Protein chains: 2
Amino acid sequence: MTATTRTASRTQMVYDGLRADILSGVLRPGSPLRLQVAADRYQVSMSVLREALTRLVEHRLAVLTPNRGFRVVEVSRADLLELGELLQLLAGLALEKSMRLGDLRWEARVVSAHHVLEHTAQLHQDGSPTDEWVRAHADFHNALGEACGSPRLLDYLRTLLHSSELYQQLAGTPDVDMAEHALAEDRELMVLATTRKTDEARALLDRHVQRSVDWLLDNLPVED
Amino acid sequence: MTATTRTASRTQMVYDGLRADILSGVLRPGSPLRLQVAADRYQVSMSVLREALTRLVEHRLAVLTPNRGFRVVEVSRADLLELGELLQLLAGLALEKSMRLGDLRWEARVVSAHHVLEHTAQLHQDGSPTDEWVRAHADFHNALGEACGSPRLLDYLRTLLHSSELYQQLAGTPDVDMAEHALAEDRELMVLATTRKTDEARALLDRHVQRSVDWLLDNLPVED
DNA sequence: AAAAGCAAGAATATCGATATTCCCTTGCCT
DNA sequence: AGGCAAGGGAATATCGATATTCTTGCTTTT
(Lines give C-alpha, C1' and ligand atoms only; values in the text may rest on other atoms or scores of the structure.)
Protein backbone atom coordinates (compact mmCIF):
# COMPACT_ATOMS: atom_id res chain seq x y z
CA MET A 1 0.00 0.00 0.00
CA THR A 2 1.41 3.35 -0.95
CA ALA A 3 0.16 6.90 -0.55
CA THR A 4 -1.77 7.11 -3.78
CA THR A 5 -3.15 10.11 -5.58
CA ARG A 6 -6.86 10.59 -5.43
CA THR A 7 -7.24 13.48 -7.84
CA ALA A 8 -4.95 13.34 -10.88
CA SER A 9 -3.20 10.39 -12.46
CA ARG A 10 0.50 10.00 -11.94
CA THR A 11 1.02 10.44 -15.67
CA GLN A 12 -0.72 13.81 -15.53
CA MET A 13 1.37 14.99 -12.62
CA VAL A 14 4.62 13.93 -14.25
CA TYR A 15 3.54 15.55 -17.51
CA ASP A 16 2.80 18.81 -15.71
CA GLY A 17 6.09 18.66 -13.87
CA LEU A 18 8.14 17.96 -16.97
CA ARG A 19 6.41 20.69 -18.94
CA ALA A 20 6.98 23.20 -16.16
CA ASP A 21 10.64 22.21 -15.97
CA ILE A 22 11.06 22.63 -19.72
CA LEU A 23 9.19 25.94 -19.91
CA SER A 24 11.02 27.38 -16.91
CA GLY A 25 14.42 26.47 -18.27
CA VAL A 26 15.36 23.81 -15.72
CA LEU A 27 15.57 21.37 -18.61
CA ARG A 28 17.42 23.07 -21.47
CA PRO A 29 16.52 22.65 -25.16
CA GLY A 30 18.33 19.74 -26.73
CA SER A 31 19.32 18.12 -23.45
CA PRO A 32 18.63 14.39 -23.18
CA LEU A 33 15.94 13.14 -20.84
CA ARG A 34 17.45 10.06 -19.22
CA LEU A 35 14.64 7.75 -18.29
CA GLN A 36 16.07 6.26 -15.12
CA VAL A 37 17.17 9.66 -13.83
CA ALA A 38 13.79 11.23 -14.52
CA ALA A 39 11.97 8.23 -13.05
CA ASP A 40 13.90 8.68 -9.81
CA ARG A 41 13.43 12.45 -9.83
CA TYR A 42 9.66 12.25 -10.22
CA GLN A 43 9.30 9.08 -8.15
CA VAL A 44 7.42 7.09 -10.78
CA SER A 45 8.10 4.03 -12.87
CA MET A 46 9.31 4.16 -16.44
CA SER A 47 5.89 3.26 -17.83
CA VAL A 48 4.17 6.40 -16.60
CA LEU A 49 7.24 8.44 -17.41
CA ARG A 50 7.21 7.24 -21.02
CA GLU A 51 3.50 8.01 -21.27
CA ALA A 52 4.07 11.56 -20.04
CA LEU A 53 7.01 11.99 -22.41
CA THR A 54 4.95 10.68 -25.30
CA ARG A 55 2.42 13.43 -24.68
CA LEU A 56 5.20 16.02 -24.53
CA VAL A 57 6.42 14.82 -27.92
CA GLU A 58 2.97 15.25 -29.44
CA HIS A 59 2.90 18.77 -28.01
CA ARG A 60 6.31 19.53 -29.54
CA LEU A 61 8.07 20.09 -26.26
CA ALA A 62 10.16 16.93 -26.59
CA VAL A 63 11.50 14.75 -29.38
CA LEU A 64 11.78 10.96 -29.53
CA THR A 65 14.44 9.27 -31.60
CA PRO A 66 13.82 5.50 -31.73
CA ASN A 67 16.24 3.58 -29.55
CA ARG A 68 17.99 6.81 -28.62
CA GLY A 69 15.50 8.14 -26.16
CA PHE A 70 13.79 11.45 -25.50
CA ARG A 71 15.32 14.91 -25.66
CA VAL A 72 13.97 18.36 -24.93
CA VAL A 73 12.91 19.97 -28.20
CA GLU A 74 15.33 22.30 -29.98
CA VAL A 75 14.40 25.85 -30.88
CA SER A 76 15.13 27.69 -34.11
CA ARG A 77 14.39 30.94 -35.85
CA ALA A 78 12.47 29.09 -38.54
CA ASP A 79 10.24 27.43 -35.95
CA LEU A 80 9.66 30.75 -34.19
CA LEU A 81 8.56 32.32 -37.47
CA GLU A 82 6.16 29.46 -38.11
CA LEU A 83 4.89 29.68 -34.56
CA GLY A 84 4.13 33.37 -35.03
CA GLU A 85 2.37 32.80 -38.30
CA LEU A 86 0.13 30.09 -36.85
CA LEU A 87 -0.56 32.12 -33.71
CA GLN A 88 -1.67 35.11 -35.75
CA LEU A 89 -3.96 33.00 -37.87
CA LEU A 90 -5.44 30.75 -35.18
CA ALA A 91 -5.47 33.08 -32.20
CA GLY A 92 -7.10 35.61 -34.51
CA LEU A 93 -9.74 33.10 -35.54
CA ALA A 94 -10.42 32.09 -31.95
CA LEU A 95 -10.66 35.70 -30.85
CA GLU A 96 -13.06 36.56 -33.64
CA LYS A 97 -15.30 33.61 -32.87
CA SER A 98 -15.20 34.35 -29.17
CA MET A 99 -16.26 37.94 -29.78
CA ARG A 100 -19.15 36.65 -31.85
CA LEU A 101 -20.22 33.87 -29.47
CA GLY A 102 -18.96 34.86 -26.03
CA ASP A 103 -21.36 35.80 -23.26
CA LEU A 104 -20.91 37.89 -20.14
CA ARG A 105 -19.08 35.07 -18.39
CA TRP A 106 -16.45 35.14 -21.11
CA GLU A 107 -16.03 38.88 -20.75
CA ALA A 108 -15.60 38.39 -17.02
CA ARG A 109 -13.01 35.70 -17.64
CA VAL A 110 -11.05 38.02 -19.94
CA VAL A 111 -11.22 40.93 -17.52
CA SER A 112 -10.19 38.64 -14.68
CA ALA A 113 -7.22 37.19 -16.54
CA HIS A 114 -6.12 40.67 -17.52
CA HIS A 115 -6.37 41.87 -13.95
CA VAL A 116 -4.09 39.08 -12.81
CA LEU A 117 -1.69 39.88 -15.63
CA GLU A 118 -1.57 43.56 -14.79
CA HIS A 119 -0.94 42.94 -11.11
CA THR A 120 1.68 40.23 -11.41
CA ALA A 121 5.28 41.27 -11.04
CA GLN A 122 6.79 41.11 -14.51
CA LEU A 123 10.49 40.98 -13.67
CA HIS A 124 12.75 39.39 -11.14
CA GLN A 125 15.27 41.54 -9.36
CA ASP A 126 17.90 40.42 -11.87
CA GLY A 127 15.68 41.67 -14.71
CA SER A 128 14.51 38.27 -16.05
CA PRO A 129 10.75 37.75 -16.42
CA THR A 130 9.05 35.83 -13.63
CA ASP A 131 7.48 32.48 -14.38
CA GLU A 132 4.24 33.75 -12.88
CA TRP A 133 4.05 36.64 -15.33
CA VAL A 134 4.83 34.49 -18.36
CA ARG A 135 2.12 32.12 -17.20
CA ALA A 136 -0.36 34.95 -16.59
CA HIS A 137 0.39 36.38 -20.02
CA ALA A 138 -0.27 33.04 -21.70
CA ASP A 139 -3.43 32.61 -19.62
CA PHE A 140 -4.74 35.99 -20.71
CA HIS A 141 -4.25 35.18 -24.37
CA ASN A 142 -5.84 31.81 -23.77
CA ALA A 143 -8.86 33.48 -22.24
CA LEU A 144 -9.34 35.70 -25.29
CA GLY A 145 -10.21 32.67 -27.40
CA GLU A 146 -11.98 30.54 -24.84
CA ALA A 147 -15.52 31.29 -25.98
CA CYS A 148 -14.88 30.30 -29.59
CA GLY A 149 -16.69 27.00 -29.12
CA SER A 150 -14.07 25.04 -31.06
CA PRO A 151 -12.35 22.40 -28.93
CA ARG A 152 -9.79 21.41 -31.56
CA LEU A 153 -8.79 25.00 -32.13
CA LEU A 154 -8.46 25.68 -28.42
CA ASP A 155 -6.36 22.57 -27.82
CA TYR A 156 -3.99 23.44 -30.61
CA LEU A 157 -3.78 27.05 -29.52
CA ARG A 158 -2.76 25.89 -26.07
CA THR A 159 0.18 23.93 -27.46
CA LEU A 160 1.22 26.91 -29.58
CA LEU A 161 1.09 29.17 -26.55
CA HIS A 162 3.17 26.71 -24.56
CA SER A 163 5.81 26.78 -27.26
CA SER A 164 5.78 30.55 -27.18
CA GLU A 165 6.40 30.41 -23.43
CA LEU A 166 9.52 28.42 -24.16
CA TYR A 167 10.82 31.07 -26.54
CA GLN A 168 10.03 33.87 -24.09
CA GLN A 169 11.89 32.04 -21.38
CA LEU A 170 14.94 31.65 -23.60
CA ALA A 171 14.96 35.23 -24.84
CA GLY A 172 15.39 36.51 -21.32
CA THR A 173 15.00 40.07 -20.16
CA PRO A 174 12.84 42.40 -22.23
CA ASP A 175 13.84 46.06 -22.28
CA VAL A 176 11.54 48.53 -20.56
CA ASP A 177 10.06 50.03 -23.72
CA MET A 178 9.13 46.62 -25.03
CA ALA A 179 7.58 45.52 -21.76
CA GLU A 180 5.48 48.64 -21.30
CA HIS A 181 4.33 48.63 -24.90
CA ALA A 182 3.24 44.99 -24.62
CA LEU A 183 1.31 45.72 -21.44
CA ALA A 184 -0.45 48.66 -23.07
CA GLU A 185 -1.38 46.48 -26.04
CA ASP A 186 -2.72 43.77 -23.74
CA ARG A 187 -4.93 46.32 -22.00
CA GLU A 188 -6.23 47.68 -25.29
CA LEU A 189 -6.83 44.13 -26.47
CA MET A 190 -8.92 43.45 -23.38
CA VAL A 191 -10.99 46.58 -23.97
CA LEU A 192 -11.52 45.93 -27.69
CA ALA A 193 -12.48 42.29 -27.04
CA THR A 194 -15.05 43.03 -24.36
CA THR A 195 -16.55 45.88 -26.39
CA ARG A 196 -16.73 43.61 -29.47
CA LYS A 197 -14.72 45.78 -31.82
CA THR A 198 -13.91 42.80 -34.01
CA ASP A 199 -11.76 44.26 -36.77
CA GLU A 200 -9.73 46.50 -34.50
CA ALA A 201 -9.13 43.64 -32.09
CA ARG A 202 -7.88 41.28 -34.78
CA ALA A 203 -5.63 43.91 -36.27
CA LEU A 204 -4.17 44.72 -32.88
CA LEU A 205 -3.64 41.04 -32.04
CA ASP A 206 -1.78 40.61 -35.33
CA ARG A 207 0.51 43.51 -34.52
CA HIS A 208 0.93 42.28 -30.95
CA VAL A 209 2.08 38.85 -32.08
CA GLN A 210 4.25 40.30 -34.84
CA ARG A 211 5.99 42.65 -32.43
CA SER A 212 6.65 39.81 -29.97
CA VAL A 213 8.10 37.56 -32.65
CA ASP A 214 10.31 40.34 -33.99
CA TRP A 215 11.62 41.06 -30.52
CA LEU A 216 12.21 37.39 -29.79
CA LEU A 217 14.09 37.00 -33.08
CA ASP A 218 16.43 39.80 -32.04
CA ASN A 219 17.01 38.36 -28.59
CA LEU A 220 17.13 34.60 -29.09
CA PRO A 221 20.54 33.24 -28.11
CA VAL A 222 20.64 30.74 -30.99
CA GLU A 223 22.51 30.83 -34.26
CA ASP A 224 20.65 28.90 -36.93
CA MET B 1 14.51 -14.40 -27.46
CA THR B 2 11.72 -13.41 -29.76
CA ALA B 3 11.55 -12.43 -33.42
CA THR B 4 12.14 -8.73 -32.97
CA THR B 5 11.41 -5.89 -35.35
CA ARG B 6 14.39 -4.29 -37.00
CA THR B 7 12.66 -1.40 -38.71
CA ALA B 8 9.91 0.28 -36.68
CA SER B 9 9.25 0.25 -32.98
CA ARG B 10 6.46 -1.90 -31.66
CA THR B 11 4.66 1.21 -30.46
CA GLN B 12 4.70 2.63 -33.98
CA MET B 13 3.34 -0.59 -35.46
CA VAL B 14 0.56 -0.84 -32.91
CA TYR B 15 -0.26 2.84 -33.42
CA ASP B 16 -0.49 2.32 -37.19
CA GLY B 17 -2.63 -0.77 -36.72
CA LEU B 18 -5.03 0.88 -34.30
CA ARG B 19 -5.37 3.96 -36.47
CA ALA B 20 -6.07 1.84 -39.53
CA ASP B 21 -8.66 -0.16 -37.60
CA ILE B 22 -10.38 3.02 -36.41
CA LEU B 23 -10.31 4.73 -39.80
CA SER B 24 -11.54 1.64 -41.63
CA GLY B 25 -14.44 1.12 -39.25
CA VAL B 26 -13.28 -2.11 -37.62
CA LEU B 27 -13.30 -0.22 -34.34
CA ARG B 28 -16.49 1.83 -34.14
CA PRO B 29 -16.72 5.36 -32.69
CA GLY B 30 -17.45 5.28 -28.98
CA SER B 31 -16.53 1.64 -28.49
CA PRO B 32 -14.26 0.87 -25.56
CA LEU B 33 -10.70 -0.26 -26.20
CA ARG B 34 -10.11 -3.02 -23.66
CA LEU B 35 -6.44 -3.11 -22.90
CA GLN B 36 -5.99 -6.82 -22.39
CA VAL B 37 -8.00 -7.68 -25.50
CA ALA B 38 -6.06 -5.23 -27.64
CA ALA B 39 -2.75 -6.40 -26.16
CA ASP B 40 -3.57 -9.95 -27.19
CA ARG B 41 -4.83 -8.88 -30.60
CA TYR B 42 -1.70 -6.92 -31.45
CA GLN B 43 0.66 -9.27 -29.58
CA VAL B 44 2.27 -6.62 -27.43
CA SER B 45 2.39 -5.77 -23.76
CA MET B 46 0.19 -3.18 -22.13
CA SER B 47 3.01 -0.66 -21.87
CA VAL B 48 3.50 -0.27 -25.61
CA LEU B 49 -0.24 -0.45 -26.13
CA ARG B 50 -0.82 2.43 -23.72
CA GLU B 51 1.89 4.45 -25.44
CA ALA B 52 0.23 3.93 -28.82
CA LEU B 53 -3.17 4.78 -27.39
CA THR B 54 -1.76 7.92 -25.79
CA ARG B 55 -0.65 9.10 -29.22
CA LEU B 56 -4.07 8.32 -30.65
CA VAL B 57 -5.64 10.47 -27.94
CA GLU B 58 -3.40 13.40 -28.82
CA HIS B 59 -4.44 12.98 -32.44
CA ARG B 60 -8.10 12.97 -31.49
CA LEU B 61 -8.81 9.46 -32.66
CA ALA B 62 -9.31 8.12 -29.13
CA VAL B 63 -10.36 9.49 -25.75
CA LEU B 64 -8.98 8.65 -22.32
CA THR B 65 -11.15 8.86 -19.22
CA PRO B 66 -9.01 8.45 -16.10
CA ASN B 67 -9.47 5.05 -14.48
CA ARG B 68 -12.08 4.18 -17.10
CA GLY B 69 -9.78 3.47 -19.98
CA PHE B 70 -9.62 4.38 -23.65
CA ARG B 71 -12.49 4.61 -26.12
CA VAL B 72 -12.63 5.32 -29.83
CA VAL B 73 -13.44 9.00 -30.32
CA GLU B 74 -17.06 10.00 -30.92
CA VAL B 75 -18.12 11.98 -33.97
CA SER B 76 -20.54 14.90 -34.14
CA ARG B 77 -21.86 17.46 -36.54
CA ALA B 78 -20.28 20.26 -34.51
CA ASP B 79 -16.88 18.58 -34.74
CA LEU B 80 -17.27 18.04 -38.47
CA LEU B 81 -18.04 21.72 -38.95
CA GLU B 82 -14.99 22.71 -36.97
CA LEU B 83 -12.90 20.21 -38.90
CA GLY B 84 -14.01 21.75 -42.18
CA GLU B 85 -13.29 25.26 -40.99
CA LEU B 86 -9.77 24.38 -39.88
CA LEU B 87 -9.09 22.38 -43.03
CA GLN B 88 -10.09 25.31 -45.23
CA LEU B 89 -7.89 27.68 -43.31
CA LEU B 90 -4.83 25.50 -42.81
CA ALA B 91 -4.89 23.41 -45.97
CA GLY B 92 -5.34 26.69 -47.82
CA LEU B 93 -2.33 28.20 -46.08
CA ALA B 94 -0.20 25.13 -46.75
CA LEU B 95 -1.22 25.08 -50.40
CA GLU B 96 -0.43 28.75 -50.86
CA LYS B 97 2.99 28.43 -49.26
CA SER B 98 3.73 25.30 -51.26
CA MET B 99 2.87 27.09 -54.50
CA ARG B 100 5.23 29.87 -53.50
CA LEU B 101 8.07 27.65 -52.30
CA GLY B 102 7.66 24.31 -54.05
CA ASP B 103 10.15 23.17 -56.66
CA LEU B 104 9.85 20.71 -59.51
CA ARG B 105 10.10 17.76 -57.13
CA TRP B 106 7.00 18.98 -55.35
CA GLU B 107 5.11 19.33 -58.63
CA ALA B 108 6.14 15.78 -59.47
CA ARG B 109 4.93 14.59 -56.07
CA VAL B 110 1.54 16.24 -56.63
CA VAL B 111 1.17 14.85 -60.13
CA SER B 112 2.20 11.41 -58.88
CA ALA B 113 -0.27 11.42 -55.98
CA HIS B 114 -3.03 12.54 -58.31
CA HIS B 115 -2.19 9.81 -60.79
CA VAL B 116 -2.54 7.19 -58.06
CA LEU B 117 -5.80 8.78 -56.95
CA GLU B 118 -7.23 8.81 -60.44
CA HIS B 119 -6.34 5.17 -61.09
CA THR B 120 -7.47 3.70 -57.78
CA ALA B 121 -10.84 2.02 -57.73
CA GLN B 122 -13.12 4.34 -55.84
CA LEU B 123 -15.92 1.98 -54.88
CA HIS B 124 -16.34 -1.57 -53.70
CA GLN B 125 -18.87 -3.78 -55.46
CA ASP B 126 -21.37 -2.95 -52.74
CA GLY B 127 -20.91 0.75 -53.47
CA SER B 128 -18.90 1.69 -50.38
CA PRO B 129 -15.61 3.53 -50.94
CA THR B 130 -12.46 1.43 -50.84
CA ASP B 131 -9.92 2.06 -48.11
CA GLU B 132 -7.27 2.45 -50.79
CA TRP B 133 -9.15 5.28 -52.46
CA VAL B 134 -9.82 7.14 -49.21
CA ARG B 135 -6.13 6.79 -48.40
CA ALA B 136 -5.09 7.96 -51.88
CA HIS B 137 -7.41 10.94 -51.60
CA ALA B 138 -5.94 11.97 -48.27
CA ASP B 139 -2.44 11.44 -49.64
CA PHE B 140 -3.14 13.72 -52.60
CA HIS B 141 -4.35 16.51 -50.36
CA ASN B 142 -1.35 15.95 -48.15
CA ALA B 143 0.95 16.30 -51.14
CA LEU B 144 -0.58 19.65 -52.06
CA GLY B 145 0.81 21.21 -48.90
CA GLU B 146 4.04 19.28 -48.55
CA ALA B 147 6.33 22.00 -49.88
CA CYS B 148 5.08 24.64 -47.48
CA GLY B 149 8.19 24.30 -45.31
CA SER B 150 6.22 24.42 -42.06
CA PRO B 151 6.59 21.22 -40.02
CA ARG B 152 4.04 22.19 -37.37
CA LEU B 153 1.46 23.04 -39.98
CA LEU B 154 2.04 19.81 -41.87
CA ASP B 155 1.80 17.67 -38.74
CA TYR B 156 -1.45 19.26 -37.70
CA LEU B 157 -2.85 19.02 -41.20
CA ARG B 158 -2.14 15.31 -41.16
CA THR B 159 -4.19 14.82 -38.01
CA LEU B 160 -7.03 16.86 -39.48
CA LEU B 161 -6.96 14.78 -42.65
CA HIS B 162 -7.03 11.58 -40.59
CA SER B 163 -10.13 12.79 -38.80
CA SER B 164 -11.72 13.58 -42.13
CA GLU B 165 -11.01 10.00 -43.23
CA LEU B 166 -13.00 8.83 -40.25
CA TYR B 167 -16.00 10.93 -41.27
CA GLN B 168 -15.77 9.75 -44.87
CA GLN B 169 -15.69 6.16 -43.70
CA LEU B 170 -18.79 6.68 -41.59
CA ALA B 171 -20.77 8.53 -44.25
CA GLY B 172 -20.59 5.54 -46.55
CA THR B 173 -21.41 5.48 -50.23
CA PRO B 174 -21.24 8.75 -52.16
CA ASP B 175 -23.69 9.14 -55.04
CA VAL B 176 -22.29 9.16 -58.55
CA ASP B 177 -22.68 12.90 -59.14
CA MET B 178 -20.83 13.73 -55.95
CA ALA B 179 -18.02 11.31 -56.67
CA GLU B 180 -17.45 12.51 -60.22
CA HIS B 181 -17.61 16.15 -59.24
CA ALA B 182 -15.04 15.61 -56.51
CA LEU B 183 -12.72 13.82 -58.92
CA ALA B 184 -13.02 16.66 -61.44
CA GLU B 185 -12.21 19.18 -58.71
CA ASP B 186 -9.18 17.16 -57.62
CA ARG B 187 -7.87 17.16 -61.18
CA GLU B 188 -8.40 20.90 -61.56
CA LEU B 189 -6.72 21.43 -58.19
CA MET B 190 -3.71 19.49 -59.42
CA VAL B 191 -3.51 21.60 -62.57
CA LEU B 192 -3.93 24.92 -60.76
CA ALA B 193 -1.34 23.99 -58.14
CA THR B 194 1.33 22.94 -60.60
CA THR B 195 0.73 25.98 -62.79
CA ARG B 196 0.93 28.26 -59.71
CA LYS B 197 -2.46 29.90 -60.09
CA THR B 198 -2.55 30.79 -56.42
CA ASP B 199 -5.84 32.59 -55.99
CA GLU B 200 -7.83 30.22 -58.15
CA ALA B 201 -6.34 27.22 -56.38
CA ARG B 202 -7.21 28.50 -52.91
CA ALA B 203 -10.72 29.40 -53.96
CA LEU B 204 -11.25 25.98 -55.47
CA LEU B 205 -9.83 24.22 -52.42
CA ASP B 206 -12.24 26.19 -50.22
CA ARG B 207 -15.19 25.12 -52.35
CA HIS B 208 -13.89 21.54 -52.48
CA VAL B 209 -13.73 21.28 -48.70
CA GLN B 210 -17.03 23.05 -48.26
CA ARG B 211 -18.79 20.71 -50.66
CA SER B 212 -17.35 17.66 -48.90
CA VAL B 213 -18.43 18.86 -45.50
CA ASP B 214 -21.93 19.68 -46.73
CA TRP B 215 -22.27 16.24 -48.25
CA LEU B 216 -20.93 14.53 -45.12
CA LEU B 217 -23.39 16.51 -42.98
CA ASP B 218 -26.25 15.18 -45.08
CA ASN B 219 -25.03 11.60 -44.93
CA LEU B 220 -23.66 11.17 -41.44
CA PRO B 221 -25.64 8.50 -39.55
CA VAL B 222 -25.52 10.42 -36.26
CA GLU B 223 -28.16 12.45 -34.49
CA ASP B 224 -26.59 15.13 -32.35
C1' DA C 1 49.19 3.56 -39.04
C1' DA C 2 44.47 3.11 -40.38
C1' DA C 3 40.35 0.60 -40.62
C1' DA C 4 37.39 -3.02 -39.48
C1' DG C 5 35.65 -6.11 -35.95
C1' DC C 6 34.63 -7.16 -31.24
C1' DA C 7 33.33 -6.74 -26.48
C1' DA C 8 31.88 -4.31 -22.38
C1' DG C 9 28.96 -0.89 -20.49
C1' DA C 10 24.99 2.13 -20.55
C1' DA C 11 20.65 3.49 -22.01
C1' DT C 12 16.26 2.38 -24.12
C1' DA C 13 12.27 -0.66 -25.23
C1' DT C 14 9.41 -4.29 -23.82
C1' DC C 15 7.29 -7.44 -20.86
C1' DG C 16 4.39 -9.85 -17.24
C1' DA C 17 2.80 -9.29 -12.64
C1' DT C 18 0.89 -6.51 -8.83
C1' DA C 19 -1.82 -2.79 -6.88
C1' DT C 20 -5.65 0.18 -7.36
C1' DT C 21 -10.02 1.79 -8.88
C1' DC C 22 -14.49 1.27 -10.54
C1' DC C 23 -18.87 -1.09 -11.48
C1' DC C 24 -22.46 -4.10 -10.37
C1' DT C 25 -24.66 -7.30 -7.49
C1' DT C 26 -26.36 -8.71 -3.09
C1' DG C 27 -28.00 -8.09 1.37
C1' DC C 28 -29.53 -5.19 5.06
C1' DC C 29 -31.99 -1.46 7.11
C1' DT C 30 -35.89 1.81 7.16
C1' DA D 1 -40.82 -2.00 -1.44
C1' DG D 2 -37.11 1.27 -1.88
C1' DG D 3 -32.67 2.96 -0.94
C1' DC D 4 -28.10 2.60 0.79
C1' DA D 5 -23.92 0.22 1.88
C1' DA D 6 -20.64 -3.51 1.75
C1' DG D 7 -18.42 -7.14 -1.12
C1' DG D 8 -16.97 -9.62 -5.27
C1' DG D 9 -15.33 -9.37 -9.90
C1' DA D 10 -13.38 -7.00 -13.87
C1' DA D 11 -10.78 -3.54 -15.89
C1' DT D 12 -7.30 0.01 -15.50
C1' DA D 13 -2.94 2.06 -13.70
C1' DT D 14 1.48 1.30 -11.98
C1' DC D 15 5.59 -1.03 -11.06
C1' DG D 16 10.22 -3.41 -11.27
C1' DA D 17 12.77 -6.59 -13.94
C1' DT D 18 14.38 -8.47 -18.42
C1' DA D 19 15.62 -8.14 -23.23
C1' DT D 20 17.33 -5.36 -26.86
C1' DT D 21 19.93 -1.78 -28.95
C1' DC D 22 23.37 1.70 -29.21
C1' DT D 23 27.82 3.70 -28.06
C1' DT D 24 32.56 3.59 -27.14
C1' DG D 25 37.02 2.15 -26.79
C1' DC D 26 40.13 -1.62 -27.49
C1' DT D 27 42.03 -5.27 -30.18
C1' DT D 28 43.30 -7.29 -34.38
C1' DT D 29 44.45 -7.35 -39.15
C1' DT D 30 46.31 -5.57 -43.37
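By convention in this document, chain letters (A, B, ...) are assigned in the order of the sequence lines, proteins followed by strands, and residues within each chain are numbered from 1. Since the model is a prediction, treat every value here as computed from it, not as a measurement.
With respect to Glu85(B) and Lys97(A), a salt bridge is recorded, a charged nitrogen being found less than 4.0 Å from a carboxylate O.
Contacts between residues 41-54 of chain A and DNA chain C, defined by a heavy-atom separation below 4.0 Å, involve Met46(A), Ser47(A), Arg50(A), listed by number.
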* Asked: Step by step, would you call Asp21(B) with Arg41(B) a salt bridge (Lys or Arg N to Asp or Glu O under 4.0 Å)?
  -> CA-CA 12 Å; Asp21(B) 284 346; Arg41(B) 173 166 160 70; 2.8 Å; yes
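When rounded to the nearest whole Å, the span between CG of Leu33(B) and P of dA13(D) equals 12 Å. dC22(D) atom P lies 13 Å from atom CG of Leu64(A), rounded to whole Å. Between the C1' atom of dA17(C) and the CG atom of Leu35(B) lies a distance of 15 Å, rounded to the nearest Å. The nearest whole Å value for the distance from the CD atom in Gln36(A) to the P atom in dC15(D) is 12 Å. Look at CG on Asp40(B): it is 12 Å from P on dA17(C), rounded to the nearest Å. Between Met13(B) atom CE and dA13(C) atom C1' there is a gap of 12 Å when expressed in whole angstrom units.
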Contacts under 3.5 Å, N or O only, protein and nucleotides 23-25 of chain D:
{"from": "dT23(D)", "atom 1": "OP1", "to": "Arg68(A)", "atom 2": "NE", "distance (Å)": "3.3"}
{"from": "dT23(D)", "atom 1": "OP1", "to": "Arg68(A)", "atom 2": "NH1", "distance (Å)": "3.1"}

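Residues Gln169(A) and Leu23(A) are not in side-chain contact: their nearest non-hydrogen atoms beyond the backbone lie 4.5 Å or more apart.
Backbone-only contact: Pro66(B) has heavy atoms under 4.0 Å from sugar-phosphate atoms and none from a base.
Remark: of the listed residues His137(B), Arg135(B), Glu132(B), His137(B) is the sole one forming a side chain to side chain contact (heavy atoms under 4.5 Å, CB included) with Leu117(B).
Checked against a 6.0 Å centroid threshold, the rings of Tyr15(B) and His59(B) count as neighbours.
Every side chain to side chain donor-acceptor pair (under 3.5 Å) that Arg109(A) has, sequence neighbours left out, goes to Asp139(A), Glu146(A). By the side chain to side chain donor-acceptor pair (under 3.5 Å) test, Asp155(B) pairs with Arg60(A), Arg158(B), sequence neighbours left out.
Look at Arg10(A) and you'll find a side-chain N or O under 4.0 angstrom from OP1 or OP2 of dC15(D). OP1 or OP2 of dT12(C) has not a single side-chain nitrogen or oxygen of Asn67(A) nearer than 4.0 Å.
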Side chains of residues 61-72 of chain B: which donor-acceptor pairs under 3.5 Å do they make with residues two or more places apart or in other chains?
{"from": "Thr65(B)", "atom 1": "OG1", "to": "Arg71(B)", "atom 2": "NH1", "distance (Å)": "3.3"}

Using atom types as modelled, flag every donor-acceptor pair under 3.5 Å from a side chain in residues 28-35 of chain B to any protein atom, sequence neighbours excluded.
{"from": "Ser31(B)", "atom 1": "OG", "to": "Arg28(B)", "atom 2": "O", "distance (Å)": "2.7"}

